[in-house]
Amino acid sequence: LFLNENEKEFAVTLPLKEITLTDTVTDFSYRFVHTSALPSSARIKKGWFQVLAEGKASLYKRYNKVLSENKPYGSSTEEQTITTTEEVWLGYNNTLYSIKKPKDVADILSAKKAELERYLQTEASKKSSLADKAAALVTYYNSL
């Protein structure tokens, strides 16, 4: 279900492969693709992946959420906690690769490994998270 620009409610009846969400405050768009639209999607758990970079190589981030319930001693109600973890995936040559550290990107994109490792030591090292570093590295690779 979604609202159009006139705030009229609609329902999508066909399976979606891609969706774009726009933050109305910052006007920044977040693009998500379904596993059915990704290469090698049969090997990975079905779900939605955020597109971080696109080109000869593409980078995706998957958010995993786990709901846990805990009943404290002496309490009649349960407390719920949602834990979120992130996975970073590189799409290259019709294959998806799990990325655990930024150097994994350079290893997979081995044709430009020397340039990517130099870039990783300079520019990408300024970024904070794995996803940010990997996205900077893949964007740089796509510009070569």
Side-chain angles (χ1 to χ4, degrees), residues 1-72 77-144:
L1 297 171
F2 68 96
L3 297 176
N4 70 0
E5 53 276 345
N6 298 325
E7 297 198 18
K8 186 174 179 183
E9 189 173 292
F10 286 91
V12 177
T13 57
L14 299 172
L16 293 175
K17 291 190 177 191
E18 182 177 326
I19 189 167
T20 302
L21 303 173
T22 303
D23 183 336
T24 56
V25 175
T26 62
D27 205 34
F28 186 79
S29 293
Y30 300 88
R31 195 165 138 240
F32 294 85
V33 294
H34 192 264
T35 49
S36 61
L38 295 176
S40 305
S41 61
R43 322 176 308 156
I44 54 178
K45 193 169 84 174
K46 293 195 184 308
W48 292 91
F49 286 70
Q50 182 181 358
V51 179
L52 300 178
E54 270 189 309
K56 297 176 275 187
S58 297
L59 194 72
Y60 307 97
K61 181 167 40 171
R62 179 188 187 119
Y63 299 91
N64 294 311
K65 299 204 176 265
V66 176
L67 173 67
S68 59
E69 295 181 345
N70 180 33
K71 189 173 182 179
T77 59
E78 291 185 345
E79 296 175 351
Q80 292 184 337
T81 305
I82 298 174
T83 306
T84 304
T85 58
E86 299 176 357
E87 297 173 357
V88 178
W89 293 82
L90 176 68
Y92 181 67
N93 284 343
N94 288 325
T95 306
L96 280 178
Y97 301 92
S98 177
I99 302 298
K100 302 295 183 202
K101 55 190 182 293
K103 189 176 179 318
D104 294 346
V105 174
D107 291 341
I108 294 165
L109 305 175
S110 58
K112 303 281 185 186
K113 186 174 182 175
E115 294 95 326
L116 293 174
E117 286 179 343
R118 268 195 305 279
Y119 182 80
L120 190 58
Q121 292 172 354
T122 58
E123 296 302 314
S125 63
K126 297 175 186 172
K127 310 292 182 195
S128 57
S129 70
L130 168 62
D132 290 343
K133 287 179 183 179
L137 203 52
V138 170
T139 300
Y140 176 69
Y141 171 81
N142 289 334
S143 72
L144 294 176

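This chain uses plain numbering: 1 for the first residue, then up along the sequence.
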Is a side-chain donor or acceptor of [X] paired with a backbone partner of [Y] at a separation under 3.5 angstrom?
X	Y	result
Asp27	Thr24	no
Asn70	Glu79	no
Asn4	Asn6	yes
Thr122	Arg118	yes

For [X] against [Y], the heavy-atom pair lying closest together:
X	Y	answer
Val88	Ala134	CG1-CB, 4.3 Å
Ala11	Leu1	CB-CD2, 3.6 Å
Ala135	Ala53	O-CB, 4.3 Å
Lys113	Ala106	CG-O, 3.7 Å
Ser128	Lys133	O-CE, 4.1 Å

Could you check whether any side-chain heavy atom of [X] comes within less than 4.5 Å of a side-chain heavy atom of [Y], counting everything from C-beta outward?
X	Y	value
Tyr140	Leu116	yes
Leu109	Leu90	yes
Glu18	Arg31	yes
Leu52	Tyr60	no
Asn64	Thr84	no
Thr85	Tyr63	no

Checklist entry - Is NZ or CZ of Lys61 both nearer than 6.0 Å to the six-membered ring centre of Phe49 and within 45° of the ring axis? => result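 Pair Lys61/Phe49 does not count as cation-pi.
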Item to check | Verdict with supporting geometry, Phe2 and Val12, side-chain contact (heavy atoms from CB on, under 4.5 Å) | outcome: CA-CA 8 Å; Phe2 68 96; Val12 177; 3.5 Å; yes
Say you draw a straight line from [atom1] of [X] to [atom2] of [Y]; how long is it, rounded to the nearest 0.5 Å?
X	Y	atom1	atom2	value
Leu144	Tyr119	CG	OH	10.0 Å
Glu9	Glu7	CD	CD	11.5 Å
Arg62	Lys45	CZ	NZ	5.0 Å
Tyr141	Ser58	OH	OG	11.0 Å
Leu59	Leu96	CG	CG	10.5 Å
Thr77	Glu69	OG1	CD	11.0 Å

Checklist entry - Centroid-to-centroid, Tyr30 to Phe28, below 6.0 Å? => result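 Distance test on ring centres: under 6.0 Å, yes.
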Checklist entry - For Ile82, does the CD1 atom have more than 12 heavy-atom neighbours from other residues, nucleotides or ligands under 6.0 Å away? => result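 Result for CD1/Ile82: open.
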Is a side-chain donor-acceptor pair under 3.5 Å present for [Y] with [X]?
X	Y	value
Asn142	Thr139	no
Trp89	Glu87	yes
Lys46	Thr35	no

Next on the checklist: Show, in sequence, the C-alpha distance, side-chain angles and deciding distance for Leu130 and Ile99, and conclude whether the side-chain contact (heavy atoms from CB on, under 4.5 Å) test is met.
Outcome noted: CA-CA 9 Å; Leu130 168 62; Ile99 302 298; 4.2 Å; yes
Item to check | The single option from Thr22, Asp23, Thr20 passing side-chain hydrogen bond (donor to acceptor under 3.5 Å, both in side chains) against Ser29 | outcome: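 The side-chain hydrogen bond (donor to acceptor under 3.5 Å, both in side chains) with Ser29 is passed solely by Thr22 among Thr22, Asp23, Thr20.
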